[in-house]
Amino acid sequence: MSRTAYVAERIKDDVANGVIKPGELIKQTVIAKRYGVSATPVREALRLLESDGVITYSAHRGASVRELKPETAGDLYRLRAAAEAVAAQIAVERMTPAGLQKVRSRHERLKLALEKGGATPAELSVMNREFHFAIYEMSSPIIVQHLDILWSRFTPGTTVWRDQEDAAELQKEHDLILAAVEAKDAAAAAALTAAHIEHAAQIRERHPETRAAGTDDRQVFPPDPR
């Protein structure tokens, strides 16, 4: 991997994990020091990410994670619903025992986090991503690459996993998706995945705070008192 590609991947990971938040200024010197590289690959990586739509660049302000307008978010969810349905269908058709075990493991991790409480919305968001991509990874690298770009537009700081009731409903949908994967029902997995993404879009539309840049990571799931 070239240094430019390395920096681009690190920035996307930091965006996906909520380390870099929407609207936050990305300082090239800080990034270079954090990743242990010179300024050149950082500049090149930022250009690549700008072309992918992950960040926006202004000559006066510099680079920052692109903030989503409601209409843009809606468009991205529609794209995700279609693309992820295809990914889920192909993934089920190509699922291996090892792949299925990974999907189960990621599902169980999120389930336990919800049951125990104490996890932040951002942490739940990351676990949600891990569950979905454990499935999609069984499709093809080019599909995963495409989905990675779509998912990079949404950050844990603006996640739909902020409300306990919403999270419980989303996890029930995960249960159904997993059951379809285990049953090797590719068509059902595709339909359930599309419906799940559409539900997430509805949650985001109902809760304006999920669309705000720089929203806090307050803990909305109380810790288990035991």
Side-chain angles (χ1 to χ4, degrees), residues 12-13 15-18 20-23 49-56 64-92 106-107 110 121-137 139-140 142-178 180-181 186-215 217 220:
K12 286 199 295 184
D13 286 344
V15 170
N17 292 319
I20 303 175
K21 301 182 184 299
L49 294 175
E50 182 183 19
S51 66
D52 285 343
V54 177
I55 68 168
T56 182
S64 61
V65 178
R66 186 179 295 276
E67 300 177 51
L68 287 182
K69 295 179 180 179
E71 183 178 0
T72 302
D75 292 343
L76 286 173
Y77 271 115
R78 292 178 68 180
L79 280 172
R80 280 186 52 193
E84 291 178 49
V86 173
Q89 182 168 0
I90 296 175
V92 172
R106 297 296 185 269
H107 177 268
L110 179 52
E123 290 168 341
L124 295 173
S125 177
V126 171
M127 285 184 269
N128 169 62
R129 187 185 193 284
E130 290 174 345
F131 167 72
H132 282 285
F133 274 80
I135 298 173
Y136 305 151
E137 285 167 3
S139 58
S140 77
I142 193 170
I143 290 177
V144 171
Q145 183 181 32
H146 174 69
L147 295 179
D148 183 59
I149 292 173
L150 291 178
W151 275 68
S152 66
R153 311 296 177 87
F154 299 97
T155 68
T158 57
T159 180
V160 295
W161 290 80
R162 305 182 72 81
D163 179 84
Q164 193 167 11
E165 291 184 5
D166 288 334
E169 289 299 317
L170 291 170
Q171 185 61 8
K172 287 179 182 178
E173 293 169 2
H174 281 189
D175 293 340
L176 295 175
I177 292 171
L178 175 60
V181 173
L192 289 166
T193 297
H196 177 63
I197 304 304
E198 290 165 0
H199 182 201
Q202 292 167 5
I203 293 173
R204 182 173 289 264
E205 186 62 29
R206 288 202 313 269
H207 299 290
E209 68 272 14
T210 64
R211 301 196 299 262
T215 49
D217 243 4
V220 295

- Message: With heavy-atom distances below 4.5 Å as the criterion, would you say the side chains of Leu124 and Arg162 are in contact?
- Response: no

- Side chains of Ser64 and Thr56: closer than 4.5 Å at any heavy-atom pair?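 In short, these two side chains touch, coming nearer than 4.5 Å.
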
Nearest 0.5 Å please: distance from the [atom1] atom of [X] over to the [atom2] atom of [Y].
{"X": "Leu49", "Y": "Ile149", "atom1": "CG", "atom2": "CD1", "answer": "9.5 Å"}
{"X": "Trp161", "Y": "Glu123", "atom1": "CH2", "atom2": "CD", "answer": "13.5 Å"}
{"X": "Ile135", "Y": "Leu147", "atom1": "CD1", "atom2": "CG", "answer": "11.5 Å"}
{"X": "Ile203", "Y": "Glu165", "atom1": "CD1", "atom2": "CD", "answer": "10.5 Å"}
{"X": "Gln202", "Y": "Tyr77", "atom1": "CD", "atom2": "OH", "answer": "11.0 Å"}
{"X": "Asp166", "Y": "Arg206", "atom1": "CG", "atom2": "CZ", "answer": "5.0 Å"}

Nearest heavy atoms of [X] and [Y], plus distance in Å:
{"X": "Ala186", "Y": "Gln89", "value": "CB-O, 3.6 Å"}
{"X": "Ser139", "Y": "Ala87", "value": "CB-O, 3.7 Å"}
{"X": "Ala83", "Y": "Leu150", "value": "CB-CD1, 4.4 Å"}

- Task: Fit a plane to each ring of His174 and His132, take the angle between them on a 0 to 90° scale, and name the class: parallel (under 30°), tilted (30 to 60°) or perpendicular (over 60°).
- Result: perpendicular

- Task: Output yes when a side-chain donor or acceptor of Thr193 lies under 3.5 Å from a complementary backbone atom of Ala189, and no otherwise.
- Result: yes

- Begin from the C-alpha positions of Leu110 and Gln171 and carry the test side-chain contact (heavy atoms from CB on, under 4.5 Å) through to its verdict. CA-CA 8 Å; Leu110 179 52; Gln171 185 61 8; 3.3 Å; yes

- Query: Hey, mind stepping through Ser140 and Ile90 against side-chain contact (heavy atoms from CB on, under 4.5 Å) and telling me if it holds?
  - Reply: CA-CA 8 Å; Ser140 77; Ile90 296 175; 5.8 Å; no

- Message: Let's go through Asp148 and Arg129 carefully: what are the C-alpha distance in whole Å and the side-chain angles of both, what is the deciding distance for salt bridge (Lys or Arg N to Asp or Glu O under 4.0 Å) to 0.1 Å, and is it a yes or a no?
- Response: CA-CA 10 Å; Asp148 183 59; Arg129 187 185 193 284; 2.4 Å; yes

- Query: With distance as the sole criterion, is a donor-acceptor pair present between the side chains of Glu84 and Tyr136 under 3.5 Å?
  - Reply: yes

- Task: Quick one: list whatever passes ring-ring contact (aromatic ring centres under 6.0 Å, His included) with His199, sequence neighbours left out.
- Result: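 Residues passing ring-ring contact (aromatic ring centres under 6.0 Å, His included) with His199: none at all.
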
- Item | Stepwise side-chain contact (heavy atoms from CB on, under 4.5 Å) test for Phe133 and Arg106 | CA-CA 9 Å; Phe133 274 80; Arg106 297 296 185 269; over 6 Å; no

- Just one of Glu173, Lys172, Glu169 clears the side chain to side chain contact (heavy atoms under 4.5 Å, CB included) bar with His196, so which one?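 Filter result, single survivor: Glu173.
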
